[in-house]
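This report refers to the structure that appears directly beneath it.
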Amino acid sequence: MIEILTPTELTRARNTGRLVAEILQELASRSTVGTSLLEIDSWARELILDAGAQSCYVDYEPSFGRGPFGHYVCTAVNDAVLHGMPRDQSLADGDLLTLDLAVLRDGVAADAALSIVVGTKRPARSIAMIETTQRALAAGIAAAGPGARLGDVSAAIGAVLQGAGYPVNTEFGGHGIGSTMHQDPHVPNIGRAGRGYRLRPGLLLALEPWVMEDTDELVVDPDGWTLRSATGARAAHTEHTIAITEDGAEILTVC
């Protein structure tokens, strides 16, 4: 089912989106050399509960995971890219860290992710990869408006990712969002313009370009959740929740 929000629900979605953005920025600013992934998860729990919100992750149990996720934020480091389960691992100088967060407040969910390099080391390839996912996300948002097709969004994202030389995995991508975190439609990170579902005002989409340096193949950690590049190469991931309005796409996960 594809959910279309009412104007009242969209107002609540803006509030949830702003909260997600604020928490992500706070987590990123606290994540320094020596920080444990479990510390980040603990901070996320505190910030979510203090805001009167609910985690979309703790009880999440989809077919592609092993049991409930059991944590409040996804923490992916270096070759990990998606669904990174927090564990007893401390960040090192130059690590590429991705934080992915989804919360529910007042009946509406929002989802966002960002990648950063921790510490003072700035590996050029990692910075370039992060910036490419950011540019791809901006292109996808620019292509999303009332009357546009879903394929227009996917094609815009894919053109940037492939244009920068990255292989594109189509198993995981963006998605609809609303009263629950993961909804139809699926939004691949590559597609054909002019094809697919026609976007309507009131539709919320979580767009999330992600790439791995030299492969599109994923492997799963023994924890049953964390997805890594099959080659051990680094990965990056950027995500915003947007709303389709009469005037175009509105980014909700900003503060």
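Residue indices begin at 1 and follow the sequence shown.
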Query - Polar side-chain atom of Thr215 near backbone of Ala230 as donor-acceptor pair, under 3.5 Å - result: no
Query raised in the report: Are Leu101 and Asp111 side-chain neighbours, meaning at least one heavy-atom pair lies under 4.5 Å?
Result: no
Requested in this report: Can you run down the side-chain hydrogen bond (donor to acceptor under 3.5 Å, both in side chains) pairs that involve residues 136-158, sequence neighbours left out, and say none if there aren't any?
Outcome: none
Query raised in the report: How far apart are the C-alpha atoms of Ile242 and Leu252, what are their side-chain angles, what is the distance that settles it, and do they pass the side-chain contact (heavy atoms from CB on, under 4.5 Å) test?
Result: CA-CA 5 Å; Ile242 65 169; Leu252 303 185; 5.8 Å; no
Query raised in the report: Same hydrophobic cluster for Leu99 and Val58, using side-chain heavy-atom links shorter than 4.5 Å among ILVMFWY?
Result: yes
Query raised in the report: Are any side-chain N or O atoms of Asn169 and backbone N or O atoms of Val211, one a donor and one an acceptor, separated by less than 3.5 Å?
Result: no
Report summary line: Glu9 meets the salt bridge (Lys or Arg N to Asp or Glu O under 4.0 Å) criterion, sequence neighbours left out, with none
Requested in this report: Heavy atoms only: give me the nearest Ala143-Ala148 pair and the separation to one decimal.
Outcome: O-CB, 3.4 Å
Query raised in the report: Quick one: CG on Leu19 to CD1 on Ile23, what's the gap to the nearest 0.5 Å?
Result: 4.0 Å
Report task. Mind telling me whether Phe64 and His83 have parallel, tilted or perpendicular rings, with 30° and 60° as the class edges? Result -> parallel
Query - Gap separating the NE2 atom of His240 from the CG atom of Leu114, nearest 0.5 angstrom - result: 8.5 Å
**Report entry** Matching residue for Ser115 among Thr98, Thr238, Thr133 - test: side-chain hydrogen bond (donor to acceptor under 3.5 Å, both in side chains)
**Finding:** Thr98
Query raised in the report: What closest approach, in Å, do Leu218 and Phe172 show between heavy atoms, and which atom pair accounts for it?
Result: CD1-CD1, 3.9 Å
Query raised in the report: Mind checking whether Leu203 and Ile2 have side chains closer than 4.5 Å, heavy atoms only?
Result: yes
Query - Closest heavy-atom pair and its distance - Val153, Gly140 - result: CG1-O, 3.7 Å
Query raised in the report: Do the charged groups of Asp79 and Arg234 touch, with an N to O distance under 4.0 Å?
Result: no
Query - From CZ (Arg66) to OG1 (Thr226), nearest 0.5 Å - result: 10.5 Å
Report task. Verify, without hydrogens or angle tests, whether Ser229 (side chain) and Ala233 (backbone) share a donor-acceptor contact under 3.5 angstrom. Result -> yes
Query raised in the report: Just by modelled atom types, is the Thr241 backbone N or O under 3.5 Å from a matching donor or acceptor in the Thr253 side chain?
Result: yes
Query raised in the report: Within a strict 4.5 Å, meaning less than it, do heavy atoms of the Leu207 and Glu239 side chains meet?
Result: no
Report task. Please say whether more than 12 non-hydrogen atoms of neighbouring residues, nucleotides or ligands are located less than 6.0 Å from CG in Asp50. Result -> yes
Query raised in the report: Looking only at atom types and distance, does a side-chain atom of Asp100 sit under 3.5 Å from a main-chain N or O of Cys74, one as donor and one as acceptor?
Result: no
Query raised in the report: For the residue pair Ala136 and Leu161, what are the closest heavy atoms and their distance?
Result: CB-CD2, 3.6 Å
Query raised in the report: Under 4.5 Å between side-chain heavy atoms, hopping through other hydrophobics if needed: is there a path connecting Val160 to Val168?
Result: no
Report task. May I ask you to decide if Val73's main-chain N or O and Arg45's side chain share a donor-acceptor pair within less than 3.5 Å? Result -> no
Report task. State, to 0.1 Å, how close Val20 and Ala112 come at their nearest heavy-atom pair, and which atoms those are. Result -> CG1-CB, 3.8 Å
Query - Leu27-Leu91 co-clustered via ILVMFWY side chain contacts under 4.5 Å - result: yes
Query raised in the report: Is there a path of hydrophobic side-chain contacts, each under 4.5 Å between heavy atoms of I, L, V, M, F, W or Y residues, that connects Ile251 with Ile177?
Result: no
Query raised in the report: When you look at Thr16 and Arg105, which way does the side-chain hydrogen bond (donor to acceptor under 3.5 Å, both in side chains) test go after all the steps?
Result: CA-CA 6 Å; Thr16 306; Arg105 186 167 67 170; 4.8 Å; no
Query - Least distance between heavy atoms, Met212 atom then Pro167 atom - result: O-CD, 3.9 Å
**Report entry** Candidate pair Ile157 and Ile190, rule side-chain contact (heavy atoms from CB on, under 4.5 Å), full reasoning
**Finding:** CA-CA 6 Å; Ile157 292 171; Ile190 191 168; over 6 Å; no
Query - Qualifying side-chain hydrogen bond (donor to acceptor under 3.5 Å, both in side chains) pairs with a residue from residues 192-207, counting only residues at least two apart or across chains - result: none
Report task. Go through the side-chain N and O atoms of Arg12 and Asn15 and say whether any donor and acceptor fall under 3.5 Å apart. Result -> no
Query raised in the report: Under 3.5 Å, side chain of Glu3 to main-chain N/O of Ser179, donor-acceptor pair present?
Result: yes
**Report entry** Distance in Å, Leu227 CG paired with Glu217 CD, rounded so as to fall on 0.5 Å steps
**Finding:** 12.0 Å
Requested in this report: Quick one: list whatever passes side-chain hydrogen bond (donor to acceptor under 3.5 Å, both in side chains) with Thr231, sequence neighbours left out.
Outcome: Asp214
**Report entry** Partner residues of Asp95 under the salt bridge (Lys or Arg N to Asp or Glu O under 4.0 Å) criterion, sequence neighbours left out
**Finding:** none
Query raised in the report: Residues two or more places apart in sequence or in another chain: which of them pass ring pair (Phe, Tyr, Trp, His ring centres under 6.0 Å) with Phe69?
Result: Tyr57, His71, Trp225
Query - Electrostatic pair Glu250:Arg14 at N-O distance under 4.0 angstrom - result: yes
Report summary line: With sequence neighbours left out, the residues meeting side-chain hydrogen bond (donor to acceptor under 3.5 Å, both in side chains) with Ser90 are none
**Report entry** Residues forming a salt bridge (Lys or Arg N to Asp or Glu O under 4.0 Å) with Glu39, sequence neighbours excluded
**Finding:** none
**Report entry** With sequence neighbours excluded, residues passing side-chain hydrogen bond (donor to acceptor under 3.5 Å, both in side chains) with Asp93
**Finding:** Thr120
Query - Partner residues of Asp216 under the side-chain hydrogen bond (donor to acceptor under 3.5 Å, both in side chains) criterion, sequence neighbours left out - result: none
Report task. Show the numbers, then the answer: is there a side-chain contact (heavy atoms from CB on, under 4.5 Å) between Gln183 and Thr180? Result -> CA-CA 7 Å; Gln183 298 182 353; Thr180 57; 3.0 Å; yes
Requested in this report: Please lay out, stage by stage, how Ile40 and Leu97 fare under the test side-chain contact (heavy atoms from CB on, under 4.5 Å).
Outcome: CA-CA 11 Å; Ile40 299 173; Leu97 170 67; 4.2 Å; yes
Report task. Enter the distance from Leu24:CG to Leu47:CG here, rounded to the nearest 0.5 Å. Result -> 10.5 Å
Query raised in the report: Which residue pairs pass the salt bridge (Lys or Arg N to Asp or Glu O under 4.0 Å) test when at least one of the two sits in residues 117-144, sequence neighbours left out?
Result: Arg125-Glu213
Query raised in the report: How long is the gap from CG on Leu10 to CD1 on Ile244, to the nearest 0.5 Å?
Result: 10.5 Å
Requested in this report: Kindly work out whether a path of hydrophobic side-chain contacts (I/L/V/M/F/W/Y, heavy atoms less than 4.5 Å apart) joins Trp210 to Ile116.
Outcome: no
Query - Residue list, salt bridge (Lys or Arg N to Asp or Glu O under 4.0 Å) with Asp223, at least two apart or on another chain - result: none
Requested in this report: Keeping the roles fixed (side chain from Ser42, backbone from Leu38), state whether a donor-acceptor pair exists under 3.5 Å.
Outcome: no
Query - Short side-chain to backbone donor-acceptor contact, His175 and Met181, under 3.5 Å - result: yes
